[in-house]
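Everything on this sheet refers to the single structure shown next.
Every chain is numbered from 1, with letters handed out A, B, ... down the list of sequences.
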Number of protein chains: 2
Amino acid sequence: MSIEKTATRRRRRLPEEARREALTSARALLLSGGPDAVTLSAVAGEIGVTHANLIHHFGSAAGLQSALMASMVADLTQALDEAVARLRTDEGAPLELVNAVFDAFSTGGAGRLAAWIALSGDLSHLEPVRAAVQNLVDAISDKMGVQDAQARQGMGAAVLFIALSAFGEALIGPPLRDMLDQPDDAARRVVASLLPRFLITKPPTGS
Amino acid sequence: MSIEKTATRRRRRLPEEARREALTSARALLLSGGPDAVTLSAVAGEIGVTHANLIHHFGSAAGLQSALMASMVADLTQALDEAVARLRTDEGAPLELVNAVFDAFSTGGAGRLAAWIALSGDLSHLEPVRAAVQNLVDAISDKMGVQDAQARQGMGAAVLFIALSAFGEALIGPPLRDMLDQPDDAARRVVASLLPRFLITKPPTGS
DNA sequence: TTTTCAATTGACATCGATGTAAATGACATT
DNA sequence: AATGTCATTTACATCGATGTCAATTGAAAA
C-alpha cells in the first residue's frame with residue numbers, strides 16, 4: 001500500500017474561533033511551562049495548525065503574547081467585577097471577596113500572568129485592571145459605610161494588602177508554606193484574620 | 001591609515017574573579033531586563049569577554065543561570081541571617097526585620113529572582129532559603145517569648161505573611177500602588193501596622 | 001457550477017543564542 | 001630565557017524561533 005495523504009483535510013475556522021483556540025492553548029502553556037514555553041511552534045502544535053497560521057492571525061509572535069496578556073487581564077477584571085457585584089447585591093461578606101481574589105491569582109493564573117508582565121516590563125498591559133481595582137475599592141467603601149477621604153485611603157491600602165498577598169501566594173506560596181510547615185490555606189486565613197483591622201471603621205465620631 | 005590591532009592586550013583573570021564579574025553583570029541584567037536579558041552574549045559584552053569564555057567558566061548557559069540563582073539566593077539568606085542576628089543581639093525591633101525583608105526583596109532583587117525561579121519551575125534553587133527562613137521563625141519566637149508549638153505556628157504564619165507581602169510589593173507593588181493612589185511605603189506600613197496582631201503574645205517572663 | 005475570498009499550508013530565509021574545537025597569549029615556574 | 005598551564009579568543013557549526021511568500025483549498029457567494 002502506498003503512503004496516502006489520508007492525513008487531514010484542512011479545517012477552516014472562523015478567525016475569532018482560531019484566535020480563541022490559540023489563546024486557550026497559549027494560556028495553558030504559560031501556566032504549565034512559563035513564558036518561554038509560549039512559542040509559535042508550541043501553540044501551533046497544540047491546536048493542530050502551523051506557526052505561519054498563528055502569524056496570520058496575530059501578526060507576529062509579540063502580537064500573540066500581547067493578545068494573551070490582554071485576554072488574561074480581561075478574565076481577571078471580569079472576575080473582580082463579578083466579585084464586586086456579589087458584594088454589592090446580597091450580604092456577600094468581604095471574606096468571600098478575599099477568596100475570589102485569591103482564586104483569580106492562583107487557579108485563574110493571574111499570578112503568573114502578573115509576574116510575566118512585571119518581569120518583561122510591559123506594564124501597560126495592566127492598565128485595564130485599574131478601573132476594576134478602583135471599582136473594588138468603591139464597593140468595599142460603600143459596604144463599610146466609609147465616607148471621608150482618609151478612610152477611603154485606608155480601604156485602598158486594604159485592597160493593596162489583599163492583592164499583594166494573593167499574588168505572592170500564587171507564585172511562591174507553595175514552596176514557602178512548605179518551608180514554614182504551614183497548611184495550604186495559611187495565606188488566606190492570615191489575610192482573613194487581619195482584614196477586620198482595616199474594615200472596622202469608626203462611626204462618624206462626633207463625640 | 002592601516003587597521004591596527006591596538007585593540008586589546010588580553011586581560012587574564014583568576015577563574016573566581018572572572019566568575020564574580022560575570023555574575024555581577026548577569027545580576028544587573030536580570031534586574032533591568034528580566035530573565036530573557038541574561039544571555040551569554042549580553043553578559044560577555046558587559047564585562048568585555050567573549051561568550052565562549054563564559055561557557056569555559058560556567059560550562060553552559062544553564063550553568064551560568066544556575067550559578068546566578070545560587071549567588072542571589074546566597075545573598076538573600078545572608079541578608080536574612082544578618083537581620084536575625086540584629087534581632088537577637090540588641091533590642092532590634094521586629095519592625096526593623098520587616099524593613100530588612102522588604103529591602104532584600106525590592107532593592108536586593110530577591111523578588112525578581114524568586115519570580116524567575118517560580119516561573120521557570122526550578123524550585124530546587126530555593127532550598128538553601130529554608131534554613132534561613134526557619135532560623136528567622138526561631139528568632140522571632142525567642143524574641144517574643146513564644147514557647148508552645150501552636151504559638152510558634154503562628155509565628156510561622158507571620159513570617160509567611162511578611163514574605164508574601166514583600167515579594168508582591170517588589171514585583172507588582174509600584175503599578176498597583178499607583179492604581180490605588182497609595183504612597184510608596186504603603187505596603188510596609190500595612191505590614192507594620194498589622195504585625196502586632198501576630199506578635200502580641202502572652203507577656204514573657206520578666207519585664 | 002463557477003467564482004471569489006481568505007484561512008491554511010509548505011518551503012524557504014533570517015537571526016540570535018548556544019555550543020565546539022583549535023589557536024593564541026598571559027603569567028608562573030624552572 | 002625556555003617551558004607549560006590554562007584563560008582567552010577566533011572561527012565555525014548547530015538549533016530553534018521568527019518571519020516571508022507563493023500555492024493550496026475550504027466554504028460561501030454568484
Identify all side-chain donor-acceptor contacts of residues 61-78 of chain B below 3.5 Å with residues at least two apart in sequence or on another chain.
{"from": "T77(B)", "atom 1": "OG1", "to": "V73(B)", "atom 2": "O", "distance (Å)": "3.3"}
{"from": "T77(B)", "atom 1": "OG1", "to": "A74(B)", "atom 2": "O", "distance (Å)": "2.8"}
{"from": "Q78(B)", "atom 1": "NE2", "to": "E82(B)", "atom 2": "OE2", "distance (Å)": "3.1"}

Separation of S165(A) OG from I162(B) CD1 (nearest 0.5 Å)
11.0 Å

Side-chain donor/acceptor of R10(A) to base of dT25(D), under 3.5 Å
no

Would R11(B) and E21(B) count as a salt bridge (charged side-chain N to carboxylate O under 4.0 Å, His left out) if you check the C-alpha gap in whole Å, the side-chain angles of each, and the deciding distance to 0.1 Å?
CA-CA 13 Å; R11(B) 173 179 160 201; E21(B) 282 187 36; 2.9 Å; yes

For A37(A), enumerate each residue passing the side-chain contact (heavy atoms from CB on, under 4.5 Å) test, keeping only those at least two apart in sequence or located in another chain.
none

Please identify each residue that fulfils salt bridge (charged side-chain N to carboxylate O under 4.0 Å, His left out) with E17(A), with sequence neighbours left out.
R20(A)

Find the distance E17(B):CD to dA26(C):P and express it as a whole number of Å.
19 Å

Short side-chain N/O contact to dT8(C) OP1/OP2 from R13(A), under 4.0 Å
yes

Of residues 29-45 of chain A, the positions that come close to DNA chain D - non-hydrogen atoms, cut-off under 4.0 Å
T39(A), L40(A)

Partners of A157(B) by side-chain contact (heavy atoms from CB on, under 4.5 Å), sequence neighbours excluded?
Q182(A), V190(A), F198(B)

Donor-acceptor contacts under 3.5 Å from residues 43-51 of chain B side chains, at least two apart:
{"from": "E46(B)", "atom 1": "OE1", "to": "S25(B)", "atom 2": "OG", "distance (Å)": "3.2"}
{"from": "T50(B)", "atom 1": "OG1", "to": "N53(B)", "atom 2": "N", "distance (Å)": "3.4"}

Near DNA chain D, under 4.0 Å by heavy atom, which residues of residues 48-59 of chain A?
H51(A), A52(A), I55(A)

Which atom pairs, donor and acceptor, lie under 3.5 Å between side-chain atoms of residues 99-112 of chain A and protein residues at least two apart or in another chain?
{"from": "N99(A)", "atom 1": "OD1", "to": "R188(A)", "atom 2": "NH1", "distance (Å)": "3.0"}
{"from": "D103(A)", "atom 1": "OD1", "to": "R188(A)", "atom 2": "NH1", "distance (Å)": "3.3"}
{"from": "D103(A)", "atom 1": "OD1", "to": "R188(A)", "atom 2": "NH2", "distance (Å)": "2.7"}
{"from": "S106(A)", "atom 1": "OG", "to": "F102(A)", "atom 2": "O", "distance (Å)": "3.4"}
{"from": "R112(A)", "atom 1": "NE", "to": "L31(A)", "atom 2": "O", "distance (Å)": "3.3"}

From CD of E21(A) across to C1' of dT8(C) the rounded distance in Å is 14 Å

Please list, chain by chain and in numerical order, all residues satisfying side-chain contact (heavy atoms from CB on, under 4.5 Å) with D184(A), sequence neighbours excluded.
R177(A)

Quick one: which residue pairs count as a salt bridge (charged side-chain N to carboxylate O under 4.0 Å, His left out) with a foot in residues 121-142 of chain A, not counting sequence neighbours?
R88(A)-D142(A), E127(A)-R130(A), R130(A)-D178(B), D138(A)-R152(A)

Please tabulate the protein-to-nucleotide N/O contacts below 3.5 Å involving nucleotides 3-5 of chain D, giving atom names and distances.
none

So ring pair (Phe, Tyr, Trp, His ring centres under 6.0 Å) across residues 165-185 of chain A, not counting sequence neighbours, yields F167(A)-F167(B)

Please state how far atom CG in L64(B) lies from atom P in dG19(C), giving the value in whole angstrom units.
10 Å

